[in-house]
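What you see below is based on every heavy atom in this structure, not just the backbone, and it leaves out hydrogens, waters and symmetry mates.
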Amino acid sequence: MEFRGTDTPRVQWSGDCLAIAFFEDSIELAGSLSELDQALSGTLAELIEESEFKGKSGSSAATRVGGGNPIRKIAIVGLGKANNLNMDVVRQAAAAIAKLAKREKCKSVGVSFPDLALDSATTVQAAVEGMELALNQDNRFKSDIENLEHSVETVDLLGYVGQEDAIVRAKQICLGVILARELVAAPANVVTPVVLAETAEAIAQEYDLELEILERDDCEKLGMGAFLAVAQASDMLPKFIHLTYRPSETPRRKLAIIGKGLTFDSGGLNLKPSGSGIEMMKTDMGGAAATLGAAKAIAQIKPDVEVHFISAATENMVSGRAMHPGDILTASNGKTIEVNNTDAEGRLTLADALVFADKLEVDAIVDLATLTGACIVALGEGISGLWSDQDPLAEELLTAAAQAGEKFWRMPLEEKYFEGMKSVVADMKNTGPRAGGAITAALFLKQYVEKTAWAHLDVAGPVWVEKESSYNNPGATGFAVRTLVNWVLG
């Protein structure tokens with residue numbers, strides 16, 4: 001889609017569909033809207049009346065304009081109450097316009113918002129993100145794909161001249177989100193650890209980033225016994241990915257983002273049974289996907305922040321080489337782990353990744369992972385958990401998430417719960433009691449960060465949706481990319 005800011009008045013705009021946004025209970029056709037309605041022979045007022053439109057969030061309607069008018073269709077969309085306005089309200093309204101325009105087979109769209117208590121750049125960025133993400137459709141694995149002939153081609157943002165930078169920024173971020181969606185949606189026979197490494201290599205080559213891929217032998221030399229124990233059952237070679245963006249000037253801060261990269265999780269010898277959702281374990285690299293998506297966006301935006309993007313990529317499989325329940329592993333910081341559940345493998349790969357990042361002398365580390373079903377039980381499928389013992393870092397992430405319209409809830413790091421993970425034969429077990437499972441997982445990870453501010457994001461729920469919601473179509477969402485980008489830029 002091509003987005004253009006224009007100062008063309010609504011009454012003079014011409015194209016397939018003109019979409020007007022209204023706040024709830026502020027449906028008044030006065031001034032230029034009255035002039036527009038007259039030019040449309042009362043069609044706008046008639047549409048509002050016949051659709052019983054009140055401006056509620058998520059509501060929309062459209063109708064054809066007759067009489068040879070230069071506007072073929074007129075549409076209305078609700079913003080909800082004015083005092084609830086934020087960036088995501090605009091994003092969702094724009095997504096609704098995009099979907100309606102596609103449904104109505106409109107190639108050219110004009111978008112008109114009322115006066116908003118947001119600056120122009122913020123409004124434009126949110127609108128472009130909403131429309132781009134709403135119309136993104138992954139048809140790679142379908143032989144009979146939907147007819148794309150009627151996709152929206154041009155969008156005029158009325159009253160927003162001179163916001164080309166905001167349009168470019170939104171498109172850069174969306175490219176990162178779409179990359180993450182495509183990685184998560186692809187099956188394990190398409191996206192392997194090697195393919196994740198190749199994706200990182202493609203980003204590095206396209207945007208001139210530094211790339212280090214540690215092979216199995218390299219990881220052995222660094223003592224990554226936890227990561228390699230997970231990897232040893234698979235015929236797929238493990239890849240430890242370290243992608244680095246460095247600004248041209250002295251960075252104002254240095255950050256590390258670590259994504260869990262399990263391209264498939266069978267559960268290992270603690271095999272996931274049928275009915276457990278094992279067929280969806282292609283999504284267990286949602287953290288790595290978001291990490292690489294954020295890397296793609298950051299590499300284009302080029303902020304004055306150094307960022308290290310890290311993933312210990314592998315499969316968790318079953319074979320004669322598989323780690324056993326009861327095995328004792330030694331992570332790269334020397335801490336020993338008794339494996340009491342081979343299906344708690346993601347934290348083992350993250351442990352060595354955290355030790356690696358902790359040595360980079362960065363200002364903060366964020367890891368994100370589709371780590372626990374317990375987090376979904378606690379918060380549902382639409383909210384991710386956030387753990388950190390650093391209040392400033394936690395607040396930075398929550399602010400970044402609010403701007404992105406991605407929901408996180410800060411969870412407690414209840415230190416006494418770690419008692420349940422203590423082992424008779426090793427420093428710790430890799431799982432604790434069933435109660436508080438998402439908390440004990442975070443406490444396990446905390447053991448591998450010695451000197452750096454750290455936060456853990458459990459994104460197990462929102463990386464995939466079964467039903468369409470605002471700008472997320474059914475399937476992979478690219479969740480957390482926009483939060484991570486906002487955090488880096490903040």
Please assess V90 against L85 for the test side chain to side chain contact (heavy atoms under 4.5 Å, CB included), listing each intermediate value before the final yes or no.
CA-CA 8 Å; V90 177; L85 177 69; 4.1 Å; yes
For the student: nearest non-hydrogen atoms of [X] and [Y], plus distance:
X: A256; Y: A357; value: CB-CB, 4.2 Å
X: D138; Y: A185; value: OD2-CB, 3.7 Å
X: L269; Y: M323; value: CD1-O, 3.5 Å
X: L348; Y: A226; value: O-CB, 3.3 Å
X: A180; Y: G478; value: CB-CA, 3.9 Å
X: R347; Y: N430; value: NH1-O, 2.8 Å

Under 3.5 Å: donor-acceptor pair, side chain of [X], backbone of [Y]:
X: D156; Y: G110; answer: no
X: D88; Y: R91; answer: no
X: T440; Y: G437; answer: yes
X: T342; Y: P325; answer: no
X: S266; Y: N316; answer: yes
X: T372; Y: C375; answer: yes
X: Y245; Y: P303; answer: yes
X: D352; Y: F227; answer: yes
X: R181; Y: T477; answer: yes
X: D218; Y: E215; answer: yes

Separation between [atom1] of [X] and [atom2] of [Y], rounded to the nearest 0.5 Å:
X: I241; Y: S311; atom1: CD1; atom2: OG; result: 5.0 Å
X: S274; Y: E279; atom1: OG; atom2: CD; result: 7.5 Å
X: I74; Y: I76; atom1: CD1; atom2: CD1; result: 8.5 Å
X: L489; Y: R169; atom1: CG; atom2: CZ; result: 5.5 Å
X: L360; Y: T244; atom1: CG; atom2: OG1; result: 7.5 Å
X: I310; Y: H242; atom1: CD1; atom2: NE2; result: 5.0 Å

Side-chain donor-acceptor pair present, E132, N136, cut-off under 3.5 Å:
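Short answer, no.
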Is any side-chain heavy atom of [Y] closer than 4.5 Å to one of [X]?
X: L116; Y: F23; value: yes
X: F309; Y: I203; value: no
X: I97; Y: S60; value: no
X: T314; Y: L262; value: yes
X: L158; Y: L18; value: yes
X: T63; Y: E50; value: no
X: I173; Y: E129; value: yes
X: W13; Y: S112; value: no

Which of parallel (below 30°), tilted (30 to 60°) and perpendicular (above 60°) describes Y160 and F113?
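The arrangement is perpendicular - the two ring planes meet at more than 60°.
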Ring pair (Phe, Tyr, Trp, His ring centres under 6.0 Å), that's the test. Do F408 and F479 meet it? Break it down for me.
CA-CA 11 Å; F408 288 84; F479 185 85; 5.3 Å; yes
Check whether more than 12 heavy atoms from other residues, nucleotides or ligands sit under 6.0 Å from atom [atom1] of [X], and answer yes or no.
X: K171; atom1: NZ; result: yes
X: E381; atom1: CD; result: no
X: K272; atom1: NZ; result: yes
X: R140; atom1: CZ; result: yes

Among T192, I278, N189, which residue meets the side-chain contact (heavy atoms from CB on, under 4.5 Å) test with F264?
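Among T192, I278, N189, the one that satisfies the side-chain contact (heavy atoms from CB on, under 4.5 Å) with F264 is I278.
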Between L214 and F356, is a side chain to side chain contact (heavy atoms under 4.5 Å, CB included) present by the stated rule, with each step listed?
CA-CA 11 Å; L214 301 182; F356 183 91; 4.0 Å; yes
Please identify which of these residues, R72, K105, K107, K102, meets the salt bridge (Lys or Arg N to Asp or Glu O under 4.0 Å) condition with D16.
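In the set R72, K105, K107, K102, the residue that makes a salt bridge (Lys or Arg N to Asp or Glu O under 4.0 Å) with D16 is R72.
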Sole candidate of D458, D367, D284, D265 that passes salt bridge (Lys or Arg N to Asp or Glu O under 4.0 Å) when paired with K260:
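It is D284, the one option of D458, D367, D284, D265 that forms the salt bridge (Lys or Arg N to Asp or Glu O under 4.0 Å) with K260.
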Any salt bridge between D235 and R321, counting N to O under 4.0 Å?
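Salt bridge present between D235 and R321.
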Any chance you could lay out the side chain to side chain contact (heavy atoms under 4.5 Å, CB included) test for W487 and L255, step after step, and finish with the verdict?
CA-CA 10 Å; W487 175 60; L255 305 173; 3.8 Å; yes
Test K296 against L292 for side chain to side chain contact (heavy atoms under 4.5 Å, CB included), laying out the working first.
CA-CA 6 Å; K296 187 176 181 72; L292 293 175; over 6 Å; no
